[in-house]
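Data first, discussion second: the structure below is written as structure tokens.
Worth knowing before you read on, the calculation uses all heavy atoms, side chains too, and leaves out hydrogens, waters and symmetry mates.
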Amino acid sequence: MNVPFRNSLLVVGLIAAAALSRLLPHPANVSPVAALALLGGATLPLPWSVALPAAAMLLSDIFLGFDSIPVTLSVYGSFFATVALGRWLKARPSPVRLIAASLGSSVLFYLVTNAAVWQFSGLYPRTPDGLVLSYLFALPFFRHSLLGDLAYTVGLFLALETSPQWVRAVRRVAFAPGAFRRSASTP
């Protein structure tokens, strides 16, 4: 799944478009960021595979707001670890590994960020029971994450795989003989 340089701009465009969608209304924890991190890890060279999802998060967080520093670092750290899952996917891409990487990134995000909320937010007692509560109360969000991450991941990777067909179709239409030729009556 090595993307040639000429397609790197396509990947950057897909990442930017998906990051912008984070600013639109959406169900809680249904966001393209994990899919962005997987796509970046699987297609872009280091450091771009880390920098682009990080930049997308930073830019959107400027508008959405930041959480406490430890919780924010856990969120970003989860996405950086997801880039590593994308690198794993790059080694031997397959639909099964793609789904496993998407589900793995959702589980990773759930475990890491809810542990950080338990530890640093003061919402839960810092006891084993408090940790269990933080995970239990986050289950509805986890369901959203699983479904959203999987949908965005499949969508982004399908867009990448089918992009050559899109480019050929646009070229056929746009550069067909006479496509932009003025008719005799056009001044």
Strictly by side-chain hydrogen bond (donor to acceptor under 3.5 Å, both in side chains), give each pair with a member in [range] just once, sequence neighbours left out.
range            : answer
residues 24-40   : N29-S145
residues 51-70   : R22-S60, R22-D61, D61-Y76
residues 122-140 : none

Among pairs that include at least one residue of [range], which meet salt bridge (charged side-chain N to carboxylate O under 4.0 Å, His left out), considering only residues two or more places apart or in two chains?
range          : answer
residues 69-78 : none
residues 23-37 : none
residues 43-57 : none

- Rest of the hydrophobic cluster containing F141 (Ile/Leu/Val/Met/Phe/Trp/Tyr, side-chain heavy atoms under 4.5 Å)? none

- When Ile, Leu, Val, Met, Phe, Trp and Tyr are grouped by side-chain heavy atoms lying under 4.5 Å apart, directly or through other members, which residues fall in the same group as L108?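 Direct or chained contacts put L108 with V112.
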
Donor-acceptor pairs under 3.5 angstrom involving side-chain atoms of residues 147-155: please list them, not counting sequence neighbours.
{"unit_1": "D149", "atom_1": "OD2", "unit_2": "S106", "atom_2": "OG", "d": "2.7"}
{"unit_1": "T153", "atom_1": "OG1", "unit_2": "D149", "atom_2": "O", "d": "2.7"}

- Task: With sequence neighbours excluded, tell me which residues meet side-chain contact (heavy atoms from CB on, under 4.5 Å) with L136.
- Result: V132, L139

- Residues two or more places apart in sequence or in another chain: which of them pass side-chain contact (heavy atoms from CB on, under 4.5 Å) with A138?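 Partners of A138 by the side-chain contact (heavy atoms from CB on, under 4.5 Å) criterion, ordered by chain and then number, come out as Y110, N114.
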
- Query: With no hydrogens and no angle check, is any side-chain donor or acceptor of S102 less than 3.5 Å from a backbone partner on L98?
  - Reply: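 The answer is no, because no donor-acceptor pair under 3.5 Å joins these two groups.
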
- Task: If a pair satisfies ring pair (Phe, Tyr, Trp, His ring centres under 6.0 Å) and one of its residues is in residues 31-66, list it, with sequence neighbours excluded.
- Result: none

- Query: Hey, quick one: are M57 and L73 part of the same hydrophobic cluster, counting side-chain heavy atoms closer than 4.5 Å, chains of contacts allowed?
  - Reply: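 No, it is not one cluster - the side chains of M57 and L73 are not joined through contacts under 4.5 Å.
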
